[in-house]
Q: 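The structure under discussion is supplied below as structure tokens; questions concerning it will follow.
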Amino acid sequence: MATQKNFQDIISHCKEYGFIFPSSEIYDGLSAVYDYGQWGSELKKNIRESWWRSMVYLHENIVGIDSAIFMHPTTWKASGHIDNFSDPMIDNKDSKKRYRVDHLIEGFAEQLATTDQAAADAVLASMDQLLAADDFAGLKNLIETHQMKCAVSNTCNWTEVRQFNLMFSTQLGSVADESDTIYLRPETAQGIFVNFLNVQKTGRMKIPFGIAQVGKAFRNEIVARQFVFRMREFEQMEMQFFVRPGTQKQWYEYWKEARMKWHLELGIPADQYRFHDHVKLAHYADAACDIEYNFPIGFKEVEGIHSRTDFDLKSHQEHSKKKMQYFDNDLDENGKPFGNYIPYVVETSIGLDRAILMVISEAYTEEDLSTEEKQDSRVVLKFPPKLAPIKLAVLPLMKKDGLAEIARELVADCRQQFYCFYEEKDSIGKRYRRMDALGTPFCVTIDHQTKEDGTVTIRHRDSMEQERIPMSEVKNLVMNALK
Ligand code: ATP
């Protein structure tokens with residue numbers, strides 16, 4: 001029987017079984033930065049490939065690129081990140097602790113709600129109004145009027161509210177000079193926009209078409225303590241779909257459906273997902289929604305689907321003075337070519353790390369296997385076989401009598417097709433449990449009977465059922481499960 005999933009247990013499991021480690025852990029780690037271990041990086045690669053296949057290989061009109069992390073600084077002026085990509089922050093003068101203003105007020109309102117829901121709602125309503133108006137003095141006033149305290153110093157001794165840009169900056173070249181400031185990209189999308197003409201022309205792409213890319217993005221997140229859900233260095237999988245103005249609504253609906261289909265194909269049930277439509281739209285969007293997954297910490301965003309109008313290309317056209325236009329020679333209803341225009345864009349943007357956390361959270365299962373005779377339990381990661389880091393473990397019952405050699409031959413044969421793992425240490429029972437904890441869908445045991453009749457025992461991870469099959473069938477059985 002499966003029990004309730006606990007976020008802390010999942011984090012510990014990721015560390016203990018080589019999926020995710022805190023970055024530079026020997027130096028006590030670096031806040032909100034993580035490293036993927038031997039199995040985490042394999043899982044990451046599998047999810048990335050699944051996305052790439054569904055977006056690029058299965059769409060005739062989508063191609064992939066790999067643009068640089070560093071970009072010309074004007075890119076971020078044009079995209080609005082220099083002016084708008086910031087959160088209002090406040091520091092407590094006594095503890096020196098910095099808070100995101102909305103988080104400080106929300107935390108206060110949450111406490112207040114336990115005794116006075118109406119008062120808490122009023123505080124939140126004032127906050128929303130002040131945030132929308134960028135009224136920083138008003139926000140500070142709200143914090144002081146309600147005597148909101150710092151959790152560390154327990155005082156209300158606050159600085160002014162200031163905007164804090166989330167982009168990391170660095171210097172190009174050896175001499176530090178203001179004009180040399182460049183940024184680590186906070187999203188991969190801009191690398192696609194600035195290459196719009198290059199790809200359209202060299203690929204002879206006809207609208208509608210898409211450009212996809214996977215890569216690192218960096219944000220100096222202020223509040224970042226939810227494991228790989230919110231990191232300062234993370235990976236995004238983004239696709240910009242360029243369409244004729246006026247058709248964006250229909251493509252927005254198309255991509256909502258297509259992206260949800262991909263999510264369901266990860267083997268996660270529909271009731272674990274929901275769409276969340278944005279009410280307050282970003283300045284560049286005419287429609288936007290998130291796909292949220294029911295994490296052990298509640299429903300939260302995994303992916304955004306945004307209809308971004310012509311905002312980005314138009315802005316790059318203005319800043320670069322290069323025409324970001326497309327000539328559409330398809331005919332309109334009056335038989336005239338649609339002609340020149342700046343395309344509209346529908347974007348799909350998913351965080352690879354959040355997708356990993358989602359897949360692990362869904363797969364993580366604690367099972368009570370106790371019988372009347374003995375207490376027993378196991379932790380198993382029920383990954384769909386195509387995402388599992390190890391597809392097959394080959395376990396000789398013992399090293400002697402040539403069993404290890406037979407096992408190694410099978411491993412060598414299977415490794416041509418998929419990742420296969422050889423393990424001879426410990427009892428078979430222990431080895432099975434370890435493979436359960438890594439999410440390996442199949443284990444094969446080589447024993448003395450294998451030598452006599454060429455058969456092996458194959459164990460299925462989820463049902464724990466075992467069956468005897470010819471060793472020659474193992475590879476195909478696994479390959480079929482990967483389809
Ligand atoms: P949030 O509201 O959670 O900060 P966002 O709306 O700023 O996210 P987008 O800018 O739309 O996110 O980025 C697209 C996707 O990138 C998100 O859906 C998420 O999966 C991922 N992402 C964004 N910020 C982070 C982060 N700090 N760590 C990990 N993934 C992130």
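Numbers for residues simply follow the sequence, beginning at 1. When a ligand or atom number is given, it counts from 1 through the structure's own listing order. Not measured: the values here are computed from a predicted model.
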Q: Ion pair present between Lys261 and Glu265, side-chain N to carboxylate O less than 4.0 angstrom?
A: yes
Q: The criterion is ring-ring contact (aromatic ring centres under 6.0 Å, His included); which residues satisfy it with Phe229, sequence neighbours excluded?
A: Phe295
Q: Give me the pairs of N or O atoms, one from ligand 1 and one from the protein, that sit under 3.5 Å apart.
A:
unit_1	atom_1	unit_2	atom_2	d
ligand 1	3 (O)	Arg230	NH2	3.0
ligand 1	3 (O)	Arg354	NH1	3.1
ligand 1	3 (O)	Arg354	NH2	3.0
ligand 1	4 (O)	Arg230	NH1	2.8
ligand 1	6 (O)	Glu301	OE1	3.3
ligand 1	7 (O)	Arg219	NH1	3.1
ligand 1	10 (O)	Arg219	NH1	3.2
ligand 1	10 (O)	Arg219	NH2	2.9
ligand 1	13 (O)	Gln236	NE2	3.4
ligand 1	16 (O)	Gln236	NE2	3.3
ligand 1	18 (O)	Glu301	OE2	2.6
ligand 1	18 (O)	Val302	O	3.2
ligand 1	20 (O)	Val302	O	2.8
ligand 1	20 (O)	Gly351	N	3.0
ligand 1	24 (N)	Arg219	NH1	3.4
ligand 1	27 (N)	Glu221	OE2	2.8
ligand 1	27 (N)	Met231	N	3.3
ligand 1	27 (N)	Met231	O	2.8
ligand 1	28 (N)	Phe229	O	3.4
ligand 1	28 (N)	Met231	N	2.8

Q: Would you check if Phe196 and Gln240 make a side-chain contact, meaning some heavy-atom pair closer than 4.5 Å?
A: no
Q: By ring-ring contact (aromatic ring centres under 6.0 Å, His included), which residues pair with Phe7, not counting sequence neighbours?
A: none
Q: Would you please say whether a donor-acceptor pair under 3.5 Å links the side chains of Gln272 and His263?
A: no
Q: Between side-chain atoms of residues 75-82 and protein atoms elsewhere (two or more places apart, or another chain), which donor-acceptor pairs fall under 3.5 Å?
A:
unit_1	atom_1	unit_2	atom_2	d
Thr75	OG1	His72	O	2.6
Lys77	NZ	Asp83	OD1	3.2
Lys77	NZ	Asp83	OD2	2.9
Ser79	OG	Thr75	O	3.4
Ser79	OG	Trp76	O	3.3
Ser79	OG	His81	N	3.3
Ser79	OG	His81	ND1	2.7

